[in-house]
Amino acid sequence: MKNLSLVFLAGGLLFIGGCGADPTLITRPDPVPAGLDLTGSWIQTMNSGVSQPEARDTAVNVFVKTGKALKLTQTETGLFISFDRSVVEEYRFGENRIISIGEIDAERASGWAENGYVIETLDDDNALLIDTYRLLNEGESLRRTLVLQYRDKRLLDLQFDYDRAWE
């Protein structure tokens with residue numbers, strides 16, 4: 001058995017790595033928690049956190065999308081997220097697949113954990129991006145966290161808060 005050398009908690013998820021062990025993604029096939037619907041238009045009210053310059057040097061960084069206005073559409077099988085009405089990302093509940101942007105490939109797994117939607121993206125160099133969406137204030141606010149972990153260092157640790165935009 002390997003000696004465990006790295007343990008960290010991000011977005012309510014526990015990752016354990018051993019000496020020389022590569023991170024792996026967990027398939028999350030659980031159904032949508034009862035009564036939880038992320039659907040809505042959201043306007044950013046606050047952001048905070050730290051982004052290290054080295055984050056730009058990771059391949060997984062190309063999968064980071066941000067926006068001051070988000071529109072989330074939740075269906076029975078997936079989640080669609082529009083960032084500033086220009087980029088739309090689709091996530092299938094319980095997915096674990098290879099995704100690509102240009103020549104960059106990464107493994108992606110997404111699903112429900114602790115009443116939030118978690119999207120994990122792992123590149124070939126074992127840089128791990130964790131993107132989490134959770135409702136707050138009885139569904140009136142949305143909190144998004146982005147964490148990029150590479151080896152034993154957090155290169156990106158951001159939090160975005162959004163209020164529901166009533167149309």
Side-chain angles (χ1 to χ4, degrees), residues 7-16 23-51 55 58 60-101 104-123 127-149 154-167:
V7 177
F8 69 94
L9 184 65
L13 304 172
L14 180 65
F15 298 87
I16 302 174
T24 58
L25 301 184
I26 301 167
T27 301
R28 302 182 189 292
D30 295 337
V32 179
L36 184 57
D37 190 347
L38 300 174
T39 298
S41 294
W42 305 91
I43 301 296
Q44 185 177 325
T45 57
M46 186 179 81
N47 67 47
S48 61
V50 176
S51 178
T58 63
V60 78
N61 188 58
V62 303
F63 297 98
V64 174
K65 305 288 186 277
T66 60
K68 294 191 181 295
L70 303 181
K71 182 172 183 176
L72 280 69
T73 304
Q74 183 174 316
T75 67
E76 282 185 28
T77 59
L79 184 66
F80 296 85
I81 304 174
S82 170
F83 298 89
D84 289 334
R85 301 177 124 186
S86 62
V87 176
V88 177
E89 292 287 334
E90 174 188 1
Y91 305 99
R92 289 176 262 155
F93 302 154
E95 72 183 335
N96 192 330
R97 63 188 176 106
I98 301 299
I99 59 170
S100 301
I101 292 182
I104 298 174
D105 293 331
E107 182 182 0
R108 168 158 300 150
S110 69
W112 298 95
E114 297 182 14
N115 287 327
Y117 196 71
V118 180
I119 304 149
E120 300 170 321
T121 307
L122 180 66
D123 71 17
L128 177 64
L129 176 66
I130 305 162
D131 191 359
T132 306
Y133 295 81
R134 282 192 169 56
L135 292 176
L136 305 173
N137 303 321
E138 298 178 8
E140 297 303 311
S141 301
L142 176 78
R143 174 163 292 156
R144 179 183 184 208
T145 58
L146 280 171
V147 173
L148 195 160
Q149 179 79 24
R154 279 191 181 205
L155 301 180
L156 186 71
D157 197 347
L158 301 173
Q159 177 177 297
F160 303 92
D161 288 336
Y162 298 85
D163 282 345
R164 187 176 292 279
W166 298 102
E167 299 173 352

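Heavy atoms only: backbone and side chains are in, while hydrogens, waters and symmetry mates are out. For clarity, every value in this text was computed on a predicted model and none was experimentally measured.
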Any chance you could lay out the side chain to side chain donor-acceptor pair (under 3.5 Å) test for Glu95 and Ser110, step after step, and finish with the verdict? CA-CA 6 Å; Glu95 72 183 335; Ser110 69; 2.8 Å; yes
Using only atom types and a distance under 3.5 Å, with no angle test, would you say the side chain of Asp123 pairs donor to acceptor with the backbone of Ala127? yes
Which atom names give the shortest non-hydrogen contact between Ile26 and Ala109, and what distance separates them? O-CB, 3.7 Å
Describe, in one word, how the ring planes of Tyr117 and Trp112 are oriented to each other, choosing from parallel (under 30°), tilted (30 to 60°) and perpendicular (over 60°). perpendicular
Where the side chain of Thr39 meets the backbone of Gln74, is there a donor-acceptor pair that is under 3.5 Å apart? yes
Decide yes or no for Gln159 and Arg143: does some side-chain heavy atom of the first lie under 4.5 Å from some side-chain heavy atom of the second? yes
Decide yes or no on side-chain contact (heavy atoms from CB on, under 4.5 Å) for Leu158 and Asn47, but give the supporting numbers first. CA-CA 7 Å; Leu158 301 173; Asn47 67 47; over 6 Å; no
Candidate pair Leu122 and Val60, rule side-chain contact (heavy atoms from CB on, under 4.5 Å), full reasoning: CA-CA 7 Å; Leu122 180 66; Val60 78; over 6 Å; no
A side-chain contact here means heavy atoms from C-beta on lying under 4.5 Å apart; do Phe83 and Leu70 qualify? yes
Side-chain heavy atoms of Ile81 within contact of Tyr133, under 4.5 Å: yes
Residue of the set Leu128, Thr121, Asn96 for which side chain to side chain contact (heavy atoms under 4.5 Å, CB included) holds with Glu107: Asn96
Considering only heavy atoms from C-beta outward, does the side chain of Arg144 approach that of Asp131 to under 4.5 Å? yes
Can you tell me how far apart CD1 (Ile99) and CZ (Phe63) are? Round to the nearest 0.5 Å. 4.0 Å
Got a second to check how far Ile43's CD1 is from Asp161's CG, nearest 0.5 Å? 13.5 Å
So that I can tick it off, tell me whether Asp84 and Lys68 are bridged by a salt bridge, with the cut-off set at under 4.0 angstrom between side-chain N and carboxylate O. no
Gap between atom CD1 of Ile130 and atom CG of Asp157 - 0.5 Å precision: 10.0 Å
With rounding to the nearest 0.5 angstrom, report the CZ to OG1 distance, Phe160 to Thr145. 9.5 Å
Interatomic spacing from OG1 in Thr58 to CG in Leu156 - rounded to 0.5 Å: 8.5 Å
Quick one: are Trp42 and Arg164 in side-chain contact, heavy atoms under 4.5 Å? yes
Pick out which of Arg108, Arg28, Arg97 makes a salt bridge (Lys or Arg N to Asp or Glu O under 4.0 Å) with Glu120. Arg28
Nearest 0.5 angstrom please: Leu146 CG to Ile119 CD1, how far? 9.0 Å
Heavy-atom pair with the smallest gap, counting every atom of Gly94 and Thr27: O-CG2, 3.5 Å
Minimal non-hydrogen separation, Ser41 against Lys71, with atom names: OG-CG, 4.0 Å
